[in-house]
Amino acid sequence: MFTVIAFDIVDDRTRYRVVQVLRRYAVRVQKSVFEAGKLNPADFHRMRLDVERLINVGEDTVRYYLLCGNCVPRIEVSGLGRLTKAEEYKVV
C-alpha cells in the first residue's frame with residue numbers, strides 16, 4: 001500500500017525522534033511529509049506504534065493517508081520532487 005504520512009509536532013526533540021522512526025519506513029518528501037511506496041500491514045502497524053509511543057496525543061498530530069493502487073497513478077506533483085517508488089523505502 002502507498003502511504004503518505006504528514007505530521008505537526010510541537011516539540012523539536014519529539015519531532016526529531018519521529019523523523020528518525022519514519023525514515024526507517026518511508027522517504028521524506030517535504031519537511032513534515034513522508035511517502036512510503038509500499039508498506040505491508042505489519043510494517044504499517046509497527047511504524048504507527050513506534051510513532052505513537054513518541055508523540056504527545058494532546059498536542060501533536062500525525063496523519064496517515066493509505067492510498068489504493070488505483071489512486072497512486074493519480075498523484076500529481078508540481079515543482080520539484082517526484083513520486084516515491086515502491087523500492088525506495090526500507091525497514092530496519
Side-chain angles (χ1 to χ4, degrees):
M1 97 184 107
F2 191 95
T3 308
V4 177
I5 305 113
F7 58 85
D8 185 10
I9 296 174
V10 175
D11 181 70
D12 290 342
R13 177 179 279 178
T14 302
R15 185 180 324 109
Y16 174 78
R17 290 178 179 162
V18 168
V19 166
Q20 296 309 307
V21 167
L22 294 176
R23 281 186 172 157
R24 294 194 311 237
Y25 299 92
V27 175
R28 194 175 201 170
V29 293
Q30 291 189 3
K31 209 167 189 176
S32 299
V33 179
F34 280 75
E35 290 179 349
K38 189 174 184 180
L39 276 180
N40 66 46
D43 289 337
F44 174 77
H45 182 70
R46 188 177 330 132
M47 176 184 69
R48 188 170 175 167
L49 285 178
D50 290 346
V51 168
E52 287 177 355
R53 287 184 186 112
L54 296 172
I55 65 171
N56 179 337
V57 294
E59 295 182 332
D60 303 323
T61 302
V62 180
R63 294 178 182 262
Y64 306 92
Y65 300 92
L66 286 64
L67 303 179
C68 69
N70 293 333
C71 295
V72 173
R74 299 175 69 190
I75 297 172
E76 297 179 11
V77 178
S78 296
L80 299 175
R82 59 185 171 78
L83 186 62
T84 302
K85 295 189 186 312
E87 62 273 4
E88 291 185 5
Y89 82 97
K90 59 186 174 200
V91 177
V92 179

query = Hey, is CG on Asn56 packed in by over 12 heavy atoms from elsewhere, all under 6.0 Å?
reply = yes

message = Please check: side-chain N/O of Arg28 versus main-chain N/O of Lys31, any donor-acceptor pairing under 3.5 Å?
response = yes

query = If two hydrophobic side chains count as joined below 4.5 Å and joins carry through other members, does Leu67 share a cluster with Val29?
reply = yes

task = To the nearest 0.5 Å, tell me how far Ser78 OG sits from Glu76 CD.
result = 7.0 Å

ask   = What pair of heavy atoms forms the shortest contact from Thr61 to Ile9, and how long is it?
value = O-CG1, 4.5 Å

ask   = If you measure from NZ on Lys38 to CG on Asp43, what distance do you get to the nearest 0.5 Å?
value = 11.5 Å

remark   = d(Leu66 CG, Ile5 CD1) to nearest 0.5 Å is 8.5 Å

request  = Measure the spacing between CG of Leu39 and CZ of Arg46 and express it to the nearest 0.5 Å.
outcome  = 10.0 Å

query = Can Tyr25 and Asp50 be counted as having a side-chain donor-acceptor contact under 3.5 angstrom?
reply = yes

remark   = The reported gap from CZ in Arg48 to CD in Glu52 (rounded to nearest 0.5 angstrom) is 5.0 Å

key: Cluster link Val57 to Val21, ILVMFWY, side chain under 4.5 Å   = yes

request  = Check whether any side-chain N or O of Asp60 sits under 3.5 Å from a backbone N or O of Val10 as a donor-acceptor pair, and report yes or no.
outcome  = yes

task = Group every Ile, Leu, Val, Met, Phe, Trp and Tyr by side-chain heavy-atom contacts under 4.5 Å, then state whether Ile75 and Tyr65 land in the same group.
result = yes

task = To the nearest 0.5 Å, tell me how far Ile55 CD1 sits from Thr14 OG1.
result = 9.5 Å

remark   = Between Phe7 and Val33, the two heavy atoms sitting closest are CE2-N, 4.4 Å

task = Would you mind reporting whether Phe2 and Glu35 have side-chain heavy atoms less than 4.5 Å apart?
result = yes

ask   = Residues two or more places apart in sequence or in another chain: which of them pass ring pair (Phe, Tyr, Trp, His ring centres under 6.0 Å) with Tyr64?
value = Phe44

query = For Arg74, which residues count as a side-chain contact (heavy atoms from CB on, under 4.5 Å) partner, sequence neighbours excluded?
reply = none

Qualifying residues under side chain to side chain donor-acceptor pair (under 3.5 Å), relative to Gln20, sequence neighbours excluded = none

